[in-house]
Structures are given as C-alpha cells and as structure tokens.
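Notes to accompany the following structure.
Chain letters run A, B, ... following the sequence lines, proteins first and then strands; every chain starts at 1.
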Protein chains: 2
Amino acid sequence: MARKSGSHSEITGPRIRAEAQRLFARHGFAAVSMRQIAAAVGLQAGALYLYTPDKESLLFDLLKGHMDDLLAAWAATPRAASPLSRLEGFVRFHIRFNLDRAEAVFLSYMELRNLGPANFATIEALRRAYEDELEAILRSGQAEGSFMLPDTKLATLAIIAMLTGVNTWFREGGRLSRATVEEIYWDMVRKAAGA
Amino acid sequence: MARKSGSHSEITGPRIRAEAQRLFARHGFAAVSMRQIAAAVGLQAGALYLYTPDKESLLFDLLKGHMDDLLAAWAATPRAASPLSRLEGFVRFHIRFNLDRAEAVFLSYMELRNLGPANFATIEALRRAYEDELEAILRSGQAEGSFMLPDTKLATLAIIAMLTGVNTWFREGGRLSRATVEEIYWDMVRKAAGA
DNA sequence: GTCTATAGAAAGATAGAC
DNA sequence: GTCTATCTTTCTATAGAC
C-alpha cells in the first residue's frame, strides 16, 4: 500500500475543492485565479489540471456536491406525522444545514451564472427538487386545513428566501444562539402559514 | 450653445453607467471587462476613463446611486397613520421598487465584495438606514400592541429577505401580476407579524 | 471627447522534464 | 503527481494624436 512520496491524489483533490470553495465564496468565482487556488493548496497552477478539466468544472463540482448533500441530508431526516411538524422540521433543518455550510450556500446562490447552460440546468433541477419538498409539505397542510396560505408556490419561495437570509447576518457568538434563531424563525413561519 | 460633433459628455456618462449595470448584472463585475462596456456603448476602452477613474468606482457609483434612489423614494412615500398601514405601505413599496430596478438590486446584493473597505462601508450604512426604516415600523406596532413579534430586528431582516426574494423568480407576463404578488406577500407578512 | 497604440501585468491552459 | 516553463490571450490603465 505504500505510495511514492509526492503522490497525494486522494488528499489533494479534496483540498483543492476546499480551498476553491473558500476563495470563490470570499472573492467571487471570476475574481479568483487558478494560481491563487494552487497557491492556497501549496501547488503550482498546472497541477490543478490533474484534478479538473477546467475552472468551470471545479465550480460545478462544488455546487453539485452541495446540492446532493442538501437533498441527501433532508431525505435522511425522519418524516414527522403532521404537516405542521413536518414544516417545523423543514425550517429547523434548513437553518441548521445552511449555517453549517455557509460558504457552499453562498456559492450556490451567487455563482450560478458562471456555469454553462447544461451545468446550470443540472443545478437548477436540484434546487427545484428541494423547493418541491417544502411545497409538498405546504400543500398537504393546506389540503387538510391546518395551513391558510394564499398561494403555496409563492409561500414556498418566500419561506426559503426568508430562511436562507439568516446566512447573511448570523455570526457565531453574536446576540442570539442558533437555537434561539430557529425558534424565532419557526414562530414567524408558522404564523405566516396561518397555522 | 452648439457643440463640436463628437462631444457627448452629457449623454455618454449615463449610457456608460447603464451598460455597465446591464453587463455587471448579467455576468458579474469581475467577469466584465472595460472593453466590453466600451463596446456596448460604442466607444474604445480608453474613453471610459474620462468618466470614471477606475472600474471599481464605476461599480460604486451604480450601487451608491441605487441606494440613494431607494432611500429618496421611500422618504417621498406618504407616511400612513397606523403601524399596520405603514407596514403594508413598506411591503408594497419594496416589491414595486425592486421589481422596477431588478438589475440594480441584483448588483447591490451580489457585488458588494468587489468594493474596497471605504466604499463597502458607505453602501452598508445606506442599507442599514433602509432596514432601520422597516424596524421603526415594527417597533411602533409592537409598542402599541398591534404586532406580535418575537424579535423586531430579526423580523426586519426576515421580511426584507422574503420580499427581495421576489426578484429571483418574478417574470413579467407570468402566472401572477405584480398586484397579485403584492397582495400575497402582504398577507404573509401581516400574518408573520402577528397582526 | 474620442481614437489608436501600447505598456505592463496577469489570466487559463498545455508540454515536457523529473 | 508535481514542477518549470511557456504559449496565447486578455486585462486595466495610460500617452499622445486628432
């Protein structure tokens, strides 16, 4: 199993993605050069091309990986019995998951326009699938009369925008703990849903 | 008053800003070159530097102009008598103003990180001033007992995030008119505020 | 006020040595 | 698997002609 020294493919790939994510989130995709990413990892620029065919693919891998993780994590969340409990679960899940991955979330919202049409469509479909999870909850609650919503599609988009907004201001160690933020947002979402 | 032909300073400046805004919004600040902007206006790149000292200043002028317009437009809006009416006025104003200037709004949220510290602080202060307008409404309603909010600061941020989210999906001629969107969001905001 | 021309730096990506 | 070196293109910004 011994490898030649200087051979690190299993560790270098993830490190490249990690540094690229950090730099893209901080400065923006177009503002970050391959040389900067390589320097952050401790490589020369040319070596990056052993791990990605080009810069856009590096971005796409990050966005795709994030969306896959998001959907997998939600799928792994136990399904509560009532629509109201499922909505509460979604609110808490979304805030928690997004705060844990602030950089990836930021990228997924900001750098979509740097993807080509095919890659863009792939990410959009995953985002839509996630939105559909919330919309299904709202529809079921609407159907059984426990929610009062003027429009389930708009409520879906409004709730997700509101929850994702937490990432723009939340700072660890600030005035409010994560748990308190969850409580406050759940209160507002519950009321907005007419529950 | 006759000018030499080829002399267009009064019209060229605004056209540069208009094209820059369009291109920055579409492709991102860092991804757009001065040559592209010049070509869109019908100039050579060097001519742009008669109107802006550098690329960042061009971006800053757009963001600053947008925030000034936003605050001026809100200040010009008649102040309703009750907190509930003022909140409704804010919701409708925000949706309307932002939909009318989708590109500028997009820029103001996406390209802040391309500003230097001083310019960044200027824009942030203006954004804060706008948030304070909504927070004052929420506080007054909370004080007189017509709103029931767990936290006025978070409610401010949540409502603005929710309303600004309209810009990401609204398309003229789609399923819903602007007026209907305003109604639906006002319904959700009113309920979320416990009013 | 705008153009042409260009300086000087930096970008993405590839070739070949080790 | 990584590095050095480089090709080619493009960038921001400036100088000087008109």
### Query
With a cut-off of under 6.0 Å to the ring centre and 45° to the axis, is B:Arg127 in cation-pi contact with B:Tyr109?
yes

### Message
Can you confirm whether B:Val32 sits close enough to B:Phe29 that some side-chain heavy atom of one is under 4.5 Å from a side-chain heavy atom of the other?
### Response
no

### Task
Mind calculating the distance between CZ (A:Arg35) and P (C:dG12) to the nearest angstrom?
7 Å

### Query
Do A:Glu111 and B:Arg113 sit within salt-bridge range, that is, some charged N less than 4.0 Å from a carboxylate O?
yes

### Query
Could you state the CG-C1' distance from A:Leu58 to C:dG12, rounded to the nearest angstrom?
13 Å

### Query
Salt bridge check: are B:Arg190 and B:Asp187 linked by an N-O gap of less than 4.0 Å?
yes

### Message
Expressed as a whole number of angstroms, how long is the span from B:Arg15:CZ to C:dG1:C1'?
### Response
14 Å

### Query
OP1, OP2 of D:dT4 versus side-chain N and O of A:Gln44: anything below 4.0 Å?
yes

### Query
Can you check the A:Tyr49 OH to C:dG16 C1' distance for me, whole Å?
17 Å

### Below 4.0 Å: OP1/OP2 of C:dG1 and any side-chain N or O of B:Tyr51
no

### Message
OP1 or OP2 of C:dG1 versus the side-chain N and O atoms of B:Thr12: is any pair under 4.0 Å?
### Response
no

### Task
Would you indicate, yes or no, if D:dC11 has its OP1 or OP2 atom less than 4.0 angstrom from a side-chain nitrogen or oxygen of B:Ser33?
yes

